S.K.: 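Quick one: this structure, given as structure tokens, is what I'll be asking you about.
The residues of the chain are indexed from 1 along the displayed sequence. Predicted model only: the values in this text are computed from it and were never measured.
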Amino acid sequence: MGASQSSTSEHVFPNETPIGFSRDVVNDLSDRAESTETSPERQSSLDAQIRRRIQNEIDALKEQEDQVRQEIELALEKENLDREKGVSDDGSEGTGRIPSSTELMGDLEEIRSKVDRYQSRRDLTEFPEVKSAGAAVVSCYRAHSSTPLDCWREVAQFKDSVAQVEQQYFKTLQ
């Protein structure tokens with residue numbers, strides 16, 4: 001059943017013309033066979049391929065890392081929102097209530113604005129009476145270095161001017 005046709009018998013065809021190689025070709029082939037080094041062109045090609053593979057793998061890992069980070073952030077955000085909803089539903093109206101993140105952000109912005117107003121008003125150029133009273137105290141202390149208690153009037157004036165500025169400032173915060 002076709003078994004005789006698929007037999008593997010070897011046929012050898014003798015070469016009637018001799019094949020000759022030049023001595024240079026034989027030496028070059030034997031040198032390449034003995035040498036384990038790759039040619040510089042081949043080496044640079046291999047290096048470029050390896051660099052491309054490494055860069056592709058790094059890019060793929062960065063994408064995976066970004067995806068994982070986004071999934072974690074979304075899960076944490078959902079968990080926090082669920083936790084806030086659970087606490088606000090369970091908590092009473094007054095004490096023990098935990099504010100939501102939006103309420104906290106609003107409070108934070110309010111505090112920032114107050115701090116900015118405080119920082120802008122800290123400059124003494126807006127309050128010349130405080131600046132002049134402070135300079136009077138300093139000059140009095142320098143003039144009476146051995147008897148600083150003689151500067152009590154200047155110190156009292158300085159305290160009064162600072163108290164007035166504080167009162168004005170507290171009125172602006174309300």
Side-chain angles (χ1 to χ4, degrees), residues 35-174:
S35 172
T36 58
E37 292 182 15
T38 57
S39 68
E41 298 86 24
R42 173 99 172 114
Q43 186 63 40
S44 65
S45 172
L46 288 173
D47 289 345
Q49 259 185 336
I50 291 171
R51 274 191 233 108
R52 271 194 310 271
R53 285 182 182 171
I54 289 173
Q55 189 61 44
N56 289 341
E57 190 65 28
I58 287 173
D59 292 341
L61 288 173
K62 284 182 181 179
E63 286 179 23
Q64 287 178 351
E65 180 183 5
D66 288 342
Q67 288 175 351
V68 168
R69 183 179 296 123
Q70 287 175 350
E71 290 173 4
I72 289 172
E73 287 173 358
L74 289 174
L76 287 174
E77 185 177 336
K78 184 179 183 291
E79 182 180 329
N80 286 340
L81 289 175
D82 291 345
R83 189 175 296 153
E84 285 177 3
K85 286 179 184 176
V87 168
S88 64
D89 291 343
D90 296 342
S92 63
E93 286 293 319
T95 60
R97 183 172 119 34
I98 298 176
S100 69
S101 58
T102 54
E103 291 172 340
L104 290 175
M105 288 301 289
D107 292 345
L108 185 62
E109 285 301 319
E110 183 181 336
I111 290 171
R112 277 191 186 138
S113 66
K114 286 182 181 180
V115 168
D116 290 341
R117 281 192 296 180
Y118 172 75
Q119 293 295 340
S120 67
R121 292 176 186 254
R122 243 177 77 181
D123 190 19
L124 291 180
T125 57
E126 293 182 24
F127 309 108
E129 62 274 358
V130 173
K131 193 171 185 176
S132 64
V137 170
V138 170
S139 64
C140 182
Y141 279 148
R142 286 186 181 150
H144 304 290
S145 60
S146 60
T147 57
L149 293 177
D150 291 342
C151 300
W152 67 272
R153 287 185 192 97
E154 288 82 2
V155 171
Q157 266 185 329
F158 178 73
K159 284 182 179 181
D160 289 341
S161 63
V162 168
Q164 288 174 357
V165 169
E166 284 178 344
Q167 289 299 324
Q168 291 172 359
Y169 175 71
F170 288 131
K171 287 179 183 176
T172 62
L173 287 180
Q174 295 175 351

S.K.: Could you pull out all donor-acceptor pairs under 3.5 Å where a side-chain atom in residues 40-48 meets a protein atom, sequence neighbours excluded?
M.R.:
| unit_1 | atom_1 | unit_2 | atom_2 | d |
| --- | --- | --- | --- | --- |
| Gln43 | OE1 | Thr38 | OG1 | 2.8 |
| Gln43 | NE2 | Asp47 | OD1 | 3.1 |
| Ser44 | OG | Pro40 | O | 3.3 |
| Ser44 | OG | Glu41 | O | 2.9 |

S.K.: Under the side chain to side chain donor-acceptor pair (under 3.5 Å) definition, can you give me all pairs with a residue in residues 156-166, not counting sequence neighbours?
M.R.: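 Qualifying pairs, neighbours excluded: none.
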
S.K.: Using the test side-chain contact (heavy atoms from CB on, under 4.5 Å), find all partners of Arg53 that sit at least two apart in sequence or belong to another chain.
M.R.: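 Scan of Arg53 (side-chain contact (heavy atoms from CB on, under 4.5 Å), adjacent residues dropped) gives none.
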
S.K.: Going by the rule salt bridge (Lys or Arg N to Asp or Glu O under 4.0 Å), which residues pair with Glu110 if we only count those two or more places apart in sequence or in a different chain?
M.R.: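 For Glu110 the salt bridge (Lys or Arg N to Asp or Glu O under 4.0 Å) partners, ignoring immediate neighbours, are Lys114.
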
S.K.: Less than 4.5 Å apart, side chain to side chain, heavy atoms only: is that true for Tyr141 and Val155?
M.R.: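 A side-chain contact exists here, since the closest heavy-atom pair is under 4.5 Å.
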
S.K.: Using the side-chain contact (heavy atoms from CB on, under 4.5 Å) criterion, which residues pair with Asn56? Sequence neighbours excluded.
M.R.: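 side-chain contact (heavy atoms from CB on, under 4.5 Å) check on Asn56 returns nothing, list empty.
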
S.K.: Who passes side-chain hydrogen bond (donor to acceptor under 3.5 Å, both in side chains) against Thr147, sequence neighbours left out?
M.R.: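 Counting only residues at least two positions away or on another chain, Thr147 forms a side-chain hydrogen bond (donor to acceptor under 3.5 Å, both in side chains) with Asp150.
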
S.K.: Only counting residues at least two apart or in another chain, list the ones meeting side-chain contact (heavy atoms from CB on, under 4.5 Å) with Ile111.
M.R.: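 Per chain and number, Ile111 pairs via side-chain contact (heavy atoms from CB on, under 4.5 Å) with Val115.
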
S.K.: Report the residues that fulfil side-chain hydrogen bond (donor to acceptor under 3.5 Å, both in side chains) with Gln70, sequence neighbours left out, ordered by chain and then residue number.
M.R.: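 With sequence neighbours excluded, Gln70 shows a side-chain hydrogen bond (donor to acceptor under 3.5 Å, both in side chains) to no residue whatsoever.
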
S.K.: Under the salt bridge (Lys or Arg N to Asp or Glu O under 4.0 Å) rule, what pairs show up with a residue in residues 68-80, not counting sequence neighbours?
M.R.: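 Residue pairs passing salt bridge (Lys or Arg N to Asp or Glu O under 4.0 Å), neighbours aside: Glu65-Arg69, Asp66-Arg69, Lys78-Asp82, Glu79-Arg83.
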
S.K.: What is the distance from atom CZ of Arg112 to atom CG of Leu108, rounded to the nearest 0.5 Å?
M.R.: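 Interatomic distance, Arg112 CZ to Leu108 CG, rounded to 0.5 Å: 4.0 Å.
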
S.K.: Just verifying a value: how many Å separate Arg52 CZ and Gln55 CD, rounded to the nearest 0.5 Å?
M.R.: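 That separation rounds to 11.5 Å.
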
S.K.: What distance separates Asp59 CG from Ile54 CD1, expressed to the nearest 0.5 Å?
M.R.: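 That separation rounds to 12.0 Å.
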
S.K.: Of the non-hydrogen atoms in Gly134 and Phe158, which two are nearest, and what is the gap between them?
M.R.: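 In this case the closest contact between Gly134 and Phe158 is N-CD1, 3.5 Å.
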
S.K.: Taking only residues two or more places apart in sequence, or in another chain, which ones meet Cys140 in a side-chain contact (heavy atoms from CB on, under 4.5 Å)?
M.R.: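 Partners of Cys140 by the side-chain contact (heavy atoms from CB on, under 4.5 Å) criterion, ordered by chain and then number, come out as His144, Cys151, Glu154.
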
